[in-house]
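Numbers here are sequence positions counted from 1. Just so it is clear, the values below take in all heavy atoms, side chains as well, and ignore hydrogens, waters and symmetry mates.
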Amino acid sequence: MRACKTLMHASFSKQPTCSIPNLAFTRSILSLRPLSLPAEVGPFRVHAKPYNSIHGAVSMELVDEISEKSDKVEELLKDQDEVLRLMKMERKGKALVGEEGRWFPYFDAFKCPNGVYLTSDEVVEAVSPYVMEERKERFRRTVKSRSYSVCLVVEGLSDFGNVSATFRSADALGFQSVHVVSCDSSKRYRENRHVSMGAEKWLDIELWDSTRDCFKALKSRGYRIATTHLGRDTVSIYDMDWSHPTAIVVGNEHRGISDEALEFSDLHCSIPMNGMVDSFNVSVAAGLLMHHAVCDRVSRLGYHGDLASEERQILFAEFLLRHSKSTISIAHEHGKRKAAIPISKL
């Protein structure tokens, strides 16, 4: 509450002062809810959605608030089914690569409970009118900057705070795909959703029980595996060509990369350091690696986000479906109406 008062005081103190003679009018102005605010202000989230009634707005706000509080990174990574439910459009097989030899995980299909499939165009048509334009524009900008050409793999991390921090960096830098191998869930952890800032909701997360299985799937999708490791055959990240599909692997906070990961990786890379210590915190290292990969790709290619127009439309539909439970319900209702339309016989 104290933080909220401080935030409100700071917000009003920055506004230009003016004299309003009518005190009642002044109070009414101050009581009005702002029409547009950033999607997130610290831990306070502002929802912006159109509803058919005030009751609908209040009820959906409460549903979303409850679901957000229960959506923790720790709980998410312990439940494979929960991770799969996070992704809405139909996904391809783990080794199914596109015609261009570039991995994209989704089919242009969303399955409704009645068995009817909607295309991404149909999902957008059905859901779009119920999402604020500012939110949709943010989705479009995000999708345009997304890429599957470089992905992140976190292996055996024991601190979910570090996992959450890597998720947040991946989302901010335009990485859509993140793989988590064998997180140590034998301990008790504090909630770390405030660290990720909800980034896990907008990423494609895949959980793996073994490093071998993860690497095998990634190589079948056309990725080279680059593990972070200090050794004789280590390559500086500044000497790598990041325009090639690459999976960046970071290891455990204490043990580092496993021997199995070193054996099955294609190359070892490191971040040059000039100080007295010889390592970064794992989440910091992951952020630096991803940031440099993006910079290198922009330098070589002129861009980082590289989805084709059809892929951008599918991912845009995916984001709309992940937006809230209400958008899922709207898509399901559209599927019911589609099933009810009679098919004319030729």
If you count the non-hydrogen atoms of other residues, nucleotides and ligands that lie under 6.0 Å from CG in Asp233, is the total more than 12? yes
Compare all side-chain heavy atoms of Phe167 with those of Val180 and state whether any distance is below 4.5 angstrom. yes
Student check: side-chain heavy atoms of Lys144 and Phe316 closer than 4.5 Å: no
Donor-acceptor check, side chain of Asp296 to backbone of Trp242, threshold 3.5 angstrom: yes or no? yes
Would you please say whether a donor-acceptor pair under 3.5 Å links the side chains of Ser177 and Asp204? no
Between His292 (side chain only) and Ile237 (backbone N and O only), is there a donor and an acceptor less than 3.5 Å apart? yes
Give a yes or no on whether Asp241 atom CG has more than 12 heavy-atom contacts from other residues, nucleotides or ligands under 6.0 Å away. yes
For residues 108-128, which residue pairs pass the salt bridge (Lys or Arg N to Asp or Glu O under 4.0 Å) check, not counting sequence neighbours? Glu122-Lys338
Lys/Arg N to Asp/Glu carboxylate O, Arg91 vs Glu206, below 4.0 Å: yes
So, for His304 and Gly174, which heavy atoms are closest and what is the spacing to 0.1 Å? NE2-O, 3.3 Å
Side-chain H-bond candidate by donor/acceptor type, Ser270 with His268, under 3.5 Å: no
Could you walk me through whether Phe139 and His323 pass the side chain to side chain contact (heavy atoms under 4.5 Å, CB included) check? CA-CA 10 Å; Phe139 286 162; His323 177 58; 3.9 Å; yes
Taking all heavy atoms of Val294 and all of Leu173, pick out the closest pair and write down the distance. CG2-O, 3.5 Å
Looking only at heavy atoms, which two atoms of Thr246 and Ala226 are closest? And how far apart? CG2-CB, 4.0 Å
May I ask you to check whether over 12 heavy atoms, not counting those of Lys219, lie within 6.0 Å of atom NZ? yes
Could you tell me which non-hydrogen atom of Asp278 sits nearest to which non-hydrogen atom of Met273, and how far apart they are? C-SD, 3.5 Å
Examine distances only and state if a side-chain atom of Gln176 and a backbone atom of Ser149 form a donor-acceptor pair shorter than 3.5 Å. no
In terms of heavy-atom contacts, Thr234 and Leu230 come closest through OG1-C, 3.5 Å
Show your working on side chain to side chain contact (heavy atoms under 4.5 Å, CB included) between Met240 and Arg224 and close with a plain yes or no. CA-CA 12 Å; Met240 294 174 57; Arg224 64 176 178 178; 3.8 Å; yes
